[in-house]
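What follows is a set of notes on a single structure, which appears directly below.
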There are 2 protein chains.
Amino acid sequence: MASDPRPEVSLGRRSPMATTRIVVADRNVITRVGIRSILERNAGMAVVAEATTYDAVIDAVDEHGPDIMIIDLDLGDDTTRGLSLCEEISDRYPATKILVLANTLSELIVIEALRRGANGYLCKNDLKSDELINGVKAIQDGDTVLGRGVGSLVAKGLGSTRDKTEHLTDRELDVIRAISRGLSNKQIAHEMFISESTVKFHIQNASKKLNSHRRAELVHRASAAGLIT
Amino acid sequence: MASDPRPEVSLGRRSPMATTRIVVADRNVITRVGIRSILERNAGMAVVAEATTYDAVIDAVDEHGPDIMIIDLDLGDDTTRGLSLCEEISDRYPATKILVLANTLSELIVIEALRRGANGYLCKNDLKSDELINGVKAIQDGDTVLGRGVGSLVAKGLGSTRDKTEHLTDRELDVIRAISRGLSNKQIAHEMFISESTVKFHIQNASKKLNSHRRAELVHRASAAGLIT
DNA sequence: TTTGCCCCTATCCAAACGGCTAGGTGGGCA
DNA sequence: TGCCCACCTAGCCGTTTGGATAGGGGCAAA
């Protein structure tokens, strides 16, 4: 809990004696405790609050105005809300840097997160302790940090996917979710009160965006991207 | 690679009142550190080793013969190997209890894990610290522990799904993976050196087992069950 | 006001799919 | 030895798709 004040070297560019105040948002205790332990082994970092829901994140930031916000986008059942959260925080508290700490690596999400104000994106899997610590430091220094694999993924997709990816629209997502439940176009049309043609239209558009040619692939990609559950 | 930066306490031989010796297997440092912190806040529990790969788990168990093995099935890219691991450990070291600590809640995986020798299944999401600690204690006492939500899920599925679920066979999984890549039956047939009929055959069988009627749904269910990535 | 996006609809056709029945092979286990 | 099971193949038929093309209406930002 209490950070042990080990006199570490490299106070770097930051002003001496300044503690980096961090808020951690993750629905998973184990992860929260883990992050806290790793960071607080490091002089000058203190986790001042933990949050487990979207609303709690807002409250925590309001209350503590932290230097860094470490957040797992997947707090509830909807990653999209996590993204909005990035936007809201970076709008209202430009001084608070945001580090996304994700379970999965998805190009779509990375790009969206960065567009909405995230300053870094690390993937929990195979992350090393010092990568986390250095990432936090770098972000505080104003850098943008993309973890191993993340950077290349984004770079690779910048030319090709980025322009056409953007978002899937709400209707497109609805349709994909319906497809994942095994419904036919006719059934989806009936359920959504639209014509079968429209269903096909949405599917075609979503397919172009996710670069797939079969509904099964579409579902898989959307699923892998965390867009559907 | 280099494991934890904290010095381990070696306690010599196990005395009657000895500590519970625990091995933690998870590819995620944050999680490993978190589990260690939570457990070691508790007198009488010591994490004696950490492992990040399937092979390392075997080595660790060989070397330490722990009382409890806490494992995330999803160590590599193949959950199935995690399941085999449960089987191997519980065969070779019946005294070592196995607690599965999963990211996702999947009926199929829970049942498989239990059948293969796991003594408990907790879901990391929304898990509380004391649930973890109490779970470990209960398992050491010989109980089987199913976390909140897990138990009811299994119970609900016992009559319906269990008999027909069984396993998907290797070929069935191969086919599903191919489908998720957007391949047509013809393409899959070509890729797997079998006839289109056979592809359809595997799909039909897999569909019955996962109770789906459309390949898109099949992919989604397999994906949700962690059977494909 | 123009532009752009999202949403909706339509029709056409070849290809793919699902659901079925009815077989054949080889390995492992009782 | 016989049975079970994973695996493989075949053909049929109606339905569902993918892909393309060609529109119209509404709403908001530029």
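Order of the sequence lines fixes the chain letters, A, B, ..., with proteins taken first and strands second; residue numbering starts at 1 for each chain.
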Could you check whether A:Arg148 pairs with A:Glu131 (Lys NZ or Arg NE/NH1/NH2 to Asp/Glu carboxylate O, under 4.0 Å)? yes

- request: Determine whether more than 12 heavy atoms belonging to other residues, nucleotides or ligands lie under 6.0 Å from atom CG of B:Asn134.
  value: yes

Tightest non-hydrogen contact, residues B:Thr169 and B:Lys209, listed as CG2-NZ, 3.8 Å

Report yes if at least one side-chain N or O of [X] is closer than 4.0 Å to OP1 or OP2 of [N]; otherwise report no.
X        : N     : result
B:Thr169 : D:dC7 : yes
B:Thr198 : D:dT9 : yes
B:Ser195 : D:dT9 : yes
B:Arg171 : D:dA6 : no

Would you compute the distance between atom [atom1] of [X] and atom [atom2] of [Y] and round it to the nearest 0.5 angstrom?
X        : Y        : atom1 : atom2 : result
B:His213 : B:Lys208 : NE2   : NZ    : 11.0 Å
A:Lys186 : A:Lys200 : NZ    : NZ    : 11.5 Å
A:Arg32  : A:Asp26  : CZ    : CG    : 7.0 Å
B:Asn103 : B:Cys123 : CG    : SG    : 7.5 Å
A:Met45  : A:Asp67  : CE    : CG    : 10.5 Å

Starting at [atom1] of [X] and ending at [atom2] of [N], how long is that distance when rounded to a whole Å?
X        : N      : atom1 : atom2 : result
B:His202 : D:dC5  : NE2   : C1'   : 13 Å
A:Ile179 : D:dT16 : CD1   : C1'   : 12 Å
A:Glu217 : D:dG18 : CD    : C1'   : 13 Å
A:Gln187 : D:dT15 : CD    : C1'   : 12 Å
B:Asp170 : D:dC8  : CG    : C1'   : 15 Å
A:Leu173 : C:dC7  : CG    : P     : 10 Å
A:Asn205 : D:dT21 : CG    : P     : 14 Å

Problem - Short side-chain donor-acceptor distance under 3.5 Å, B:Asn205 and B:Arg171 - result: no

If each end axis of the helix from C:dT1-D:dA30 to C:dA30-D:dT1 is fitted on five C1' pair positions, the angle between them, to 10 degrees, is 50°

Given protein heavy atoms under 4.0 Å, the one-letter contact record of nucleotides 13-29 of chain C, with B base, S sugar-phosphate only and - none, is simply ---SSBB----------

